[in-house]
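Numbers here simply count residues along the sequence, with the first being 1. Just follow the structure's listing: the first ligand is 1, and inside any ligand the first atom is 1. Not measured: the values here are computed from a predicted model.
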Amino acid sequence: MAVNEPAPPRRPRPPRRAAIAARIPRGYSPALHLAAPTALGALVLAAAVWLLDDVEAVELLAVPATLLLAFAFEWWAHRSVLHRRAPLLGVLCERHEREHHLAFTAEDMALRSARELWLVLTPPYSALLVLALLLPLAAGAALLLSRDAALLGLATAMAFFVGYEWLHLAYHLPAESPVYRVPGLARLREHHRRHHDPRLMKRWNFNVTVPVFDIVHGTRWSPPPRTGA
Ligand SMILES: [Zn+2]
Ligand SMILES: [Zn+2]
């Protein structure tokens with residue numbers, strides 16, 4: 001580039017945090033947004049456990065099998081729906097990249113107010129949607145496997161969903177929060193924090209709960225080793 005050549009026009013600045021936060025609906029209730037999916041998850045979990053009848057040891061395998069499927073789904077959906085424009089689901093990518101990732105960057109991960117839960121939790125209807133998708137899957141599993149295996153799978157999947165919400169919320173609390181006394185939580189947060197680097201978000205660290213499928217697919221990003229003395 002010649003010395004006196006004018007600088008290329010700057011790309012438009014991304015909306016600032018305040019502008020994103022201003023889009024949060026006026027009557028938004030952060031407490032309800034957090035409590036309602038948790039209550040629904042607890043209700044489904046309790047109902048499923050109550051309906052269990054003489055569980056055989058082999059049926060308990062439904063719990064780790066469902067967890068594994070949930071980790072795989074989490075990886076796939078985060079990579080292919082939230083960071084790529086999937087047909088009919090582009091709005092989810094838009095919300096995730098233009099709201100969640102612009103509001104919270106790797107250097108600025110913490111919530112500034114309870115209202116910003118809107119930018120962290122999945123949309124308020126998600127828990128009902130997840131349950132609506134799980135019920136036919138559980139019915140299929142009841143026919144193909146057994147009723148108890150299906151109930152255990154349903155309970156595990158709902159518990160995973162609620163666990164996802166709470167873990168993701170924990171990562172977006174201030175780094176000095178007492179929750180990080182829980183062993184392992186700071187490491188999980190660091191995995192997600194790196195995903196919030198805009199240079200990394202489309203390729204790395206897609207698991208939000210436990211990075212099982214980031215390890216399987218080789219998408220777990222680690223800082224390059226320092227060279228020199
Ligand atoms: Zn996040
Ligand atoms: Zn993301």
Side-chain angles (χ1 to χ4, degrees), residues 14-24 28 30 33-34 37-38 41 70-127 129-130 160-180 182 184-223:
R16 284 168 302 144
R17 175 85 162 253
I20 298 167
R23 291 186 219 141
I24 299 169
Y28 172 60
H33 193 184
L34 188 59
T38 304
F71 291 136
F73 179 79
E74 176 189 60
W75 183 91
W76 171 82
H78 192 176
R79 172 181 167 274
S80 303
V81 178
L82 299 185
H83 285 290
R84 283 174 206 179
R85 298 197 149 269
L88 303 176
L89 298 171
V91 64
L92 296 177
C93 175
E94 181 78 8
R95 181 184 150 110
H96 186 67
E97 289 197 339
R98 307 238 2 123
E99 291 190 355
H100 185 61
H101 274 274
L102 279 185
F104 305 100
T105 60
E107 292 76 35
D108 190 9
M109 284 283 281
L111 289 155
R112 291 183 192 160
S113 70
R115 277 178 65 74
E116 287 193 348
L117 275 183
W118 174 267
L119 305 171
V120 172
L121 300 176
T122 57
Y125 53 81
S126 303
L129 190 66
V130 166
F160 175 87
F161 173 74
V162 173
Y164 169 96
E165 292 283 63
W166 279 93
L167 269 179
H168 191 206
L169 166 59
Y171 305 156
H172 288 283
L173 294 176
E176 58 279 7
S177 165
V179 298
Y180 289 106
V182 176
L185 196 58
R187 271 187 79 172
L188 292 178
R189 179 188 197 264
E190 182 57 17
H191 180 80
H192 187 62
R193 193 189 69 79
R194 288 171 182 166
H195 171 74
H196 271 269
D197 183 330
R199 295 164 300 176
L200 305 182
M201 70 176 185
K202 282 189 178 289
R203 280 193 60 200
W204 304 97
N205 295 12
F206 295 113
N207 274 123
V208 175
T209 52
V210 184
V212 180
F213 279 82
D214 279 316
I215 294 167
V216 170
H217 292 291
T219 53
R220 188 179 187 211
W221 192 85
S222 298

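Listed by first and then second residue, the salt bridge (charged side-chain N to carboxylate O under 4.0 Å, His left out) pairs involving residues 164-174 amount to none (not counting sequence neighbours).
Shown here are the protein N/O/S atoms lying under 2.8 Å from the Zn ion (ligand 2), water excluded: H78 NE2, H83 NE2, H96 NE2, H101 NE2, H195 NE2.
The aromatic rings of H192 and H196 sit perpendicular, their planes meeting at an angle over 60°, well past the 30° parallel limit.
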Inset, instruction - Could you go through the ring-ring contact (aromatic ring centres under 6.0 Å, His included) check for H191 and H195 one step at a time? - result: CA-CA 7 Å; H191 180 80; H195 171 74; 8.4 Å; no
Legend entry - Derivation of the side-chain contact (heavy atoms from CB on, under 4.5 Å) call for T219 and F213: CA-CA 8 Å; T219 53; F213 279 82; over 6 Å; no
Inset, instruction - Using the ring-ring contact (aromatic ring centres under 6.0 Å, His included) rule, take H217 and W75 through it: C-alpha gap first, then chi angles, then the decisive distance, then the call. - result: CA-CA 9 Å; H217 292 291; W75 183 91; 3.8 Å; yes
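Between E190 and R193 there is a salt bridge, since at least one side-chain N of the basic residue sits less than 4.0 Å from a carboxylate O of the acidic one.
Here the angle at the Zn ion (ligand 1) defined by NE2 in H192 and NE2 in H172 stands at 110°, rounded to 10 degrees.
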